[in-house]
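Values reported hereafter were calculated over all heavy atoms of this structure, with side chains retained and with hydrogens, waters and symmetry mates removed.
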Amino acid sequence: MMELTPRRAILRAAAVIAVPAAIVTAAVGQKAPAVPDDPLIAGFKQTYPASVSDAVELVTGRSGTMRHDMKLVTGKAMVGRALTALARPVPPEGATPALATRHSVEMIDAAKPGEVGVIVMEGSLDIAAMGNLMGTAATVRGMAGMVLDGAIRDIWDIRRMGLTVYARSSTPRTAVGHYATVAKNVPVECAGVTVRPGDLVVADEDGVVVVPQERAEEVLRKAREIDDRERGMFPFIQEHKSLQKAIELFGRI
């Protein structure tokens, strides 16, 4: 057997890294062309998830904010309409490579630029909902990002693609042999919030908020009211050096 000298080991590592790098470069270079935002998407991009979270509760009477552990893993803030896929634990014979991610893959392959993929892995945060192959497909289709009620893997590679992903955990463990998707574009419970295809997903480092599509215009109006009120509070606080007086005057905290 040929001895693996330090120099040979470095060259081998470089070759292993070069292939994914080429794939990532190709994926980034083949993103779907941008399409103009619809007015609602454009409007929500001008506000903040914190204001949207408050607005959803005021308008609908219930929370639209996902659990605290749904965190930004790679990418940036995003707004887009939801697509969904649902996965459940199954015996190994039902969790083949073809079945483990079937509906998630179909959902991504049919996605339009600017849409957000929402994948729910029922019952576990220890199985990866997606990795760099699905990340590559989402990137070239121009998706706004992904939201995973489950884990992400291949983070280093997905970060290089520039794809935005929010997830509740990370793990290298595959879904193959453990999980199978059972449906796509159906209502799902994602990190404590119901998400339906077409609902709006508004997210940044604070977390992820879901806006029911039929109340989106009302929620946007209310979020803008909240933003306008807060814009008046900052200079007031700076001038009077009193948060208490600002709260009394503006009725906002």
Enquirer: Using 0.5 Å steps for rounding, measure from the CG atom of Asp149 to the CZ atom of Arg67.
Expert: 7.0 Å
Enquirer: Counting N and O atoms only, with roles assigned by atom type, does the side chain of Thr139 sit under 3.5 Å from a partner on the main chain of Gly135, one being a donor and the other an acceptor?
Expert: yes
Enquirer: Is any NZ, NE, NH1 or NH2 atom of the basic residue among Arg196 and Asp199 found under 4.0 Å from an Asp or Glu carboxylate oxygen of the other?
Expert: yes
Enquirer: With Glu57, which residues qualify under salt bridge (charged side-chain N to carboxylate O under 4.0 Å, His left out), at least two apart?
Expert: none
Enquirer: Val116 and Gly80: which non-hydrogen atoms are nearest, and at how many Å?
Expert: CG2-CA, 3.7 Å
Enquirer: Verify the cluster assignment for Val208 and Met78: are they in a single hydrophobic cluster under the rule of side-chain heavy atoms below 4.5 Å apart?
Expert: yes
Enquirer: Listed by chain and number, what are the side chain to side chain donor-acceptor pair (under 3.5 Å) partners of Glu218, not counting sequence neighbours?
Expert: Arg215
Enquirer: Please check this pair: side chain of Gln213 against backbone of Pro197, looking for a donor-acceptor N/O pair closer than 3.5 Å.
Expert: yes
Enquirer: Look at Lys222 together with Glu217 and state whether they make a salt bridge at an N to O cut-off of under 4.0 Å.
Expert: no
Enquirer: How far apart are the C-alpha atoms of Ser104 and Thr181, what are their side-chain angles, what is the distance that settles it, and do they pass the side chain to side chain donor-acceptor pair (under 3.5 Å) test?
Expert: CA-CA 7 Å; Ser104 299; Thr181 59; 5.2 Å; no
Enquirer: Taking only residues two or more places apart in sequence or in another chain, which ones pass side chain to side chain donor-acceptor pair (under 3.5 Å) with Asp69?
Expert: Arg168
Enquirer: Taking all non-hydrogen atoms of both residues into account, name the closest pair between Met121 and Ala129 and its distance.
Expert: CG-CB, 3.6 Å
Enquirer: Give me the other members of the hydrophobic cluster that Val59 sits in, counting Ile, Leu, Val, Met, Phe, Trp and Tyr linked by side-chain heavy atoms under 4.5 Å, directly or via other members.
Expert: Leu40, Ile41, Phe44, Val52, Val56, Val79, Leu200, Val202, Val209, Val211, Val219, Leu220
Enquirer: With a 4.0 Å cut-off, would you call Asp38 and Arg81 a salt bridge?
Expert: yes
Enquirer: Tell me every residue that passes side-chain contact (heavy atoms from CB on, under 4.5 Å) with Ile155, counting only those two or more places apart in sequence or in another chain.
Expert: Val73, Thr74, Ile152, Arg159, Ser170
Enquirer: Enumerate donor-acceptor pairs with a distance under 3.5 Å from any side-chain N or O in residues 91-99 to protein atoms, sequence neighbours excluded.
Expert:
{"residue": "Thr96", "atom": "OG1", "partner": "Leu99", "partner atom": "N", "Å": "3.2"}

Enquirer: Rounded to the nearest 0.5 Å, what separates atom CG in Asp204 from atom NZ in Lys76?
Expert: 13.0 Å
